[in-house]
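The basis for the numbers below is simple: all heavy atoms, side chains too, and nothing from hydrogens, waters or symmetry mates. Proteins come first, then strands; the chains are lettered A, B, ... in the order of their sequence lines, and each starts at number 1.
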Protein chains: 2
Amino acid sequence: MNFVEQVEKWGVFEVSLPGPTDGNPFVDQVIKGVFTGAHETVEADGFYDGEGVYKVRFMPSFEGQYTFAVSGSFLAGEQGGSFFVTLPQEGNHGPVRVANTFHFAYEDGEPYFSVGTTCYVWELQSDELIEQTLETLKKAPFNKIRFCIFPKHYDYNFREPRSYPYEGTPMDSSVLSKDNFFHYIGPNEGNDWDFYRFNVEHFRHIEKSIQQLGELGIEADLIVMHPYDRWGFSFMTADQDDLYWNYVIARFSAYRNVWWSLANEYDIMEHKTIADWERYAKIIVEKDPYSRLRSIHNCRYFYDYTRPWITHCSIQRQDIYKTAEHVNEWRERYQKPIVLDEIVYEGNIQHGWGNITGEEMVRRFWEATCRGAYAGHGETYMSEDDILWWSHGGKLRSDTYKRLAFLHEILCQTPGVGLAPYTGAHFDEVAATVEGTKSSFSPVKDYYLYYYSFMRPSFREYYFDDHSEYELKVIDTWDMTVEDRGIVKGHFRVALPGKQYMAIQLRRVAG
Amino acid sequence: MNFVEQVEKWGVFEVSLPGPTDGNPFVDQVIKGVFTGAHETVEADGFYDGEGVYKVRFMPSFEGQYTFAVSGSFLAGEQGGSFFVTLPQEGNHGPVRVANTFHFAYEDGEPYFSVGTTCYVWELQSDELIEQTLETLKKAPFNKIRFCIFPKHYDYNFREPRSYPYEGTPMDSSVLSKDNFFHYIGPNEGNDWDFYRFNVEHFRHIEKSIQQLGELGIEADLIVMHPYDRWGFSFMTADQDDLYWNYVIARFSAYRNVWWSLANEYDIMEHKTIADWERYAKIIVEKDPYSRLRSIHNCRYFYDYTRPWITHCSIQRQDIYKTAEHVNEWRERYQKPIVLDEIVYEGNIQHGWGNITGEEMVRRFWEATCRGAYAGHGETYMSEDDILWWSHGGKLRSDTYKRLAFLHEILCQTPGVGLAPYTGAHFDEVAATVEGTKSSFSPVKDYYLYYYSFMRPSFREYYFDDHSEYELKVIDTWDMTVEDRGIVKGHFRVALPGKQYMAIQLRRVAG
């Protein structure tokens, strides 16, 4: 047996045991661990990691002494030991949780203001490209990234991935071109996979990617299933799907930065039914001991986000023109955090889901923000090498990310865990105030953020009451400037430059 | 008696008679004319024009010999005569009518593609400013202008008008400022009007304005009532309102370029009920012998545009984000021409209804156009002299009008009376084809206009059939260029510059 004697709180403690290699260890053997500290007892399934090695992973949520006991189909009896959980290291705030109805926070209480991006299969590219993506992420503000476990087959994405999740061989991809790739959706001749034998290298690599993201403070919004497939991974049997889900959960759930996205565009996986999605959800709820964040992403039709297993809405916009502008109604209907994971990517490809300007991307982020929601970025600029951030990662071609970093800075000034739509706003402005706490949902009216979107007022007039004094700042969300305008009170007028994308911030300082 | 012996078809023939000046001629006397040609007999009310002169006006719709007979409360018997109606002069296409369900044409069959603007009280400004407005209109593409008969009291509009519609004296306007004008909405102390005695100079001046517009080929979309009032004109009694309506109809209806807009923002005239509007509509339907175009403009809530007296929808956008994008549903619901008379003005004033960019204005026009509707322009840029086009006319501060002229040119290439939404368009493009005729509503698929709005595709791919050949043009709606791309057929790909506001035009030439 082989284990680390010390692990930080919210770190990963791993038990590794030798075991049989004969037959099919992935289906013939089971292994699980029970981890016990003063404040928790956690059962976690283990998994076969190839070459006769079995592992069980655990994330402790408390400091202090723990014991563990591992049992398995190939073990005569329990094997156990103990370890010590230390204070979390700097920068480790624990997993992200739903902090109040509409917002997130890390488990240590630090607010988490999500600024996501999407790079569907960044981790399945070459070492060089992965390195470039990580370098880009280092300087970008993104604290969540959506990506897939399965490789992706779609426009701009029909090259071979670096590895496959199963043992076997893929179809011949030399037949593919930009003109015919769509005909190869689904299981195709020439694929030869054993859906009962995982390619452990594929999963080890994804673990490494999750860890690398963790080191950058980025949540890994793992897309476990998706329809962009020429290999048949989206056409497996229920039995094969369940084996996959169990394996994924056993391997990944101990990483504190993992979120479960059951699918990207679940509703265009026509061979999966709602009963299938509910069954997968049941497996996660039962087998993920940490209740990681769970959602499912739509193409045309929202999943029923009121389902109790769904922790937050992971939304692709349904309307070409109004995207984040629908947040208010979604908050009202679902009473969960609203994450607009797909609001159209910035770029210039032929598809309408990938060709808005940077200005419009940033505008949608601000609209979402000031309505008490979170948005996600993506970039789809045509390039000669067909490396598009949205799918492959690499370099960002625009500097929109700087504006999102600026927005994140402003968000971090929120006196609380998040923003709520301010219902006192006029029809031609979007305004936010501070979200109420769990015990009191009335917004705290000590802080306001007004956003004028594409409108260009040369001034605006406000009145809250006669006595409150507010510190006023004028924010240019595109040029990233903040202008201090001193203290205002009673009836006051805010001179503005008559430009698009302006905002003001008001913070009560007295009265 | 005093009359012109010849008048052009769709011109104005006027009979002028002396009559009593004692008592109140506006209410004590009535006068009407019956005008008879080979193809029509028209009854028209006359009106008192002051200084003992009574007039009856008539617009003939046919050429040839006409007779007329005038009778009045002050006349012993009928007085009559004859006149001859000549061919219309060049540029006189007759009044605009609804040509098929969704589109307009002049009475001579020439299509009328409406490109409107709004200058609420341009005609009540100084002679110099009126002259400037007419100069601006000469170079602009606008073929319809919305303006009010009553003076306007509102933000940027609280100076005295050049004249008032009634005899009497207005309140002292020196008490007004930008900060208090809103408190003076409604009838105020200091106003002293005789709502039974019209100021004929006011109406003569408006007639002159209607004629000047007519000479420029511009339809006068007359706003007969509106809520922006400090004089009490919007608070008159039913009796006074009816007298006003009858007077307006008697004076103006013979001018072929008159349209009746019952109100601007009818729904914020809270002291008027639907019964009132229906009563005014009944008066117009009875008293306007020419069935001029009739509509009513909303603030928040649409009037019931299915009412039979309404010839077309005169719409102010209800949604901040989606304006012209709602056209398809409005066409479906109302089955009448859709005129978006207010889609937010280009400018930078504080109000959200007056501060969009020129780009957004033009985009909304194109969205409306490619959905088979018409839009209206307006400009509200802050200026030191408080002369804003939207209300006062004068000069245009932006060159958006050039883009609207360009759009009008493209519209004039429509092989038919108007465009219909092309239902074969993909979700991420707006496309139009030719509207069907009255007897056949299936669109004629020989012509397509695709618009990409704010999206920036670098190319798009199309396929209609294997045999049809289309002449392809790539249109930059903002930079106003048209690029000839030759003939396309079968599956074809259109390279685009990856910019916003692009369109393509396809015209079937063979196959």
Worksheet item: Pick from A:Glu367, A:His426, A:Glu461, A:Glu360: which one has the most heavy-atom pairs with chain B under 4.5 Å?
Response: A:Glu367
Discussion item. For residues 380-393 of chain A, give me every residue with a non-hydrogen atom less than 4.5 Å from any non-hydrogen atom of chain B.
Written reply: A:Tyr381, A:Met382
Item to complete: Just give me the residue among B:Arg456, B:His491, B:Met455 that pairs up with chain A most often, heavy atom to heavy atom, under 4.5 Å.
Response: B:Arg456
Worksheet item: Which heavy atom of A:Lys322 sits nearest a heavy atom of B:Lys322, and at what distance?
Response: CD-CD, 3.5 Å
Discussion item. If I measure from the heavy atoms of chain A, does B:Val430 come under 4.5 Å with its side chain, its backbone, both, or neither?
Written reply: side chain
Practice prompt. Let me know if B:Glu359 has heavy atoms under 4.5 Å from chain A in its side chain, its backbone, both or neither.
Written response: neither
Response to the item:
Most contact-rich option vs chain B, by heavy-atom pairs under 4.5 angstrom, among A:Ser458, A:Ser453, A:Gly498, is A:Ser458
Practice prompt. Spell out, as yes or no, whether a donor-acceptor pair under 3.5 Å connects the side chain of A:Asp428 to the backbone of B:Gly352.
Written response: yes
Worksheet item: With a 4.5 angstrom heavy-atom cut-off, which part of B:Glu429 approaches chain A: side chain, backbone, both or neither?
Response: neither
Practice prompt. Name the option with the most non-hydrogen atom pairs under 4.5 Å to chain A; the candidates are B:Ile349, B:Leu496, B:Val344.
Written response: B:Ile349
Worksheet item: Closest heavy-atom contact between A:Ile356 and B:Phe454?
Response: CG2-CE1, 3.8 Å
Item to complete: Let me know if B:Thr357 has heavy atoms under 4.5 Å from chain A in its side chain, its backbone, both or neither.
Response: both
